[in-house]
Chemist: 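Right, I'll just put the structure down here and ask away after.
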Protein chains: 2
Amino acid sequence: MTTRDRIVALADDLIRDRGINAFSFADISEEMGIKNASVHYYFPTKSSLCLAVIKRQQVALEEMISLAKKSAPLDRLEQYMSIYDRSKEADRVCLVGSLAPDLHTLNEDIRVALKEVAARILEWVTEILEEGRDEGVFRFGGNARSRALLIVTNMLASLQLTRLTKSEDFSIIKKSIIKDLTS
Amino acid sequence: MTTRDRIVALADDLIRDRGINAFSFADISEEMGIKNASVHYYFPTKSSLCLAVIKRQQVALEEMISLAKKSAPLDRLEQYMSIYDRSKEADRVCLVGSLAPDLHTLNEDIRVALKEVAARILEWVTEILEEGRDEGVFRFGGNARSRALLIVTNMLASLQLTRLTKSEDFSIIKKSIIKDLTS
DNA sequence: ATTTGCCTACCTACTAAAAGGTAGGTACAT
DNA sequence: ATGTACCTACCTTTTAGTAGGTAGGCAAAT
């Protein structure tokens, strides 16, 4: 991994651990054993670093979507949920859930990119649900996008809420979502 | 309203607008037309101010719960949801949803208080659901607490996600929750 | 009745640390 | 000899927080 990639990965981790406004270039440079100015060499501003984190997420998301393309709807849904599994293990929240509360402190570029991510996730889950219903493996009321909104909000907030309640609540939420859809 | 109460109300608004780590004592003192040091007179540290915000939320929550006590389950659920309505109108997120992503930057006192709030909300919604099911007005699979987890996560994240998608999505989510329970 | 003293609710003026960011230099690889 | 990937050494602003002062209200002591 290049230094640049390591910086972005570390920033991503810090943002999802404690929020965009609670980490500094010093946190990154110290952790990496380089100097403050060297981080600025790759990312002149904090905004540019944050944007890189989001763009990376976008790439990873597209990769996951196209990798899952051939799977059955239920498998695809479980793959979607597994994104949050990995976050939960490290007690991180998701990127959208970390940045949305601080949205009003972020510049336009970042807001646009974040909106794209949110829209893409919703689109993907909507697609999975539609296909699942057509195939008869999923049952749910309302249209697929409304159902996707419910599921995405469940997943997003589960990482946040279960920081405060019990960790087991995370898997309770996951199992309930699947059960609701398949029974 | 006393100066002290105005400070707490303003801090609450700022936290839910842009996050705990993106507002300063200067934001408060300027808005109120007093000096930085005067805010410190009431709240020696930022943590103590944040704690006061959470305690205020706890009081408001208990007030709402006891005020709603005699209402029917469906009305009580709608009263619970109306908390988020008021936030959505001002494009604010909820306190738990604002602080949870930044939890690792907060001290123990605050974490404990926030856990209490989260637990109390869950308890209340669980109660409403149980009673609604017993009375035959609500239908849902799984136990009441699991269902409460789903609904609370829906509401918490709806404020965050709909900052990024469309505002109408917020009422779509609300209506879907009610419809799922009552059909 | 007036003085004395204390409390509340601010103020001025400051500090130390941390923040994001910059200018310009260097060492090595191509 | 040019670019890449760092570095040293700054700067400015903002941050949370503090020390100590003051003006007015109240209340007991003289």
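Naming: A, B, ... by sequence-line order, numbering from 1 per chain. We use all heavy atoms of the structure for the numbers below, so side chains are in, but hydrogens, waters and symmetry mates are not.
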Chemist: Assign a letter to each nucleotide of nucleotides 9-23 of chain C from its 5' end: B, base within under 4.0 Å of a protein heavy atom; S, sugar-phosphate only; -, no contact.
Modeler: BBBB------SSBBB

Chemist: Counting only N and O atoms by type, is there a donor-acceptor contact under 3.5 Å from the side chain of B:Q160 to the main-chain atoms of A:V96?
Modeler: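 Checking the backbone N and O of A:V96 against the side chain of B:Q160, no donor-acceptor pair under 3.5 Å is found.
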
Chemist: Rounding to a whole Å, what distance do you find between B:I28:CD1 and D:dT14:P?
Modeler: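 From B:I28 CD1 to D:dT14 P: 17 Å.
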
Chemist: Do any N or O atoms from the side chain of B:K46 and from the backbone of B:I20 form a donor-acceptor pair under 3.5 angstrom?
Modeler: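 Side chain of B:K46 to backbone of B:I20: a pair is present.
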
Chemist: Considering only NZ, NE, NH1 and NH2 on the basic side and carboxylate oxygens on the acidic side, decide whether A:R147 and A:D180 come within less than 4.0 Å.
Modeler: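 No.
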
Chemist: Donor-acceptor pair, A:S38 side chain versus A:I34 backbone, under 3.5 Å?
Modeler: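 Such a contact is absent between A:S38 side chain and A:I34 backbone.
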
Chemist: Angle between ring planes, A:H40 versus A:F25, binned at 30° and 60°: parallel, tilted or perpendicular?
Modeler: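 The rings of A:H40 and A:F25 lie parallel, inter-plane angle below 30°.
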
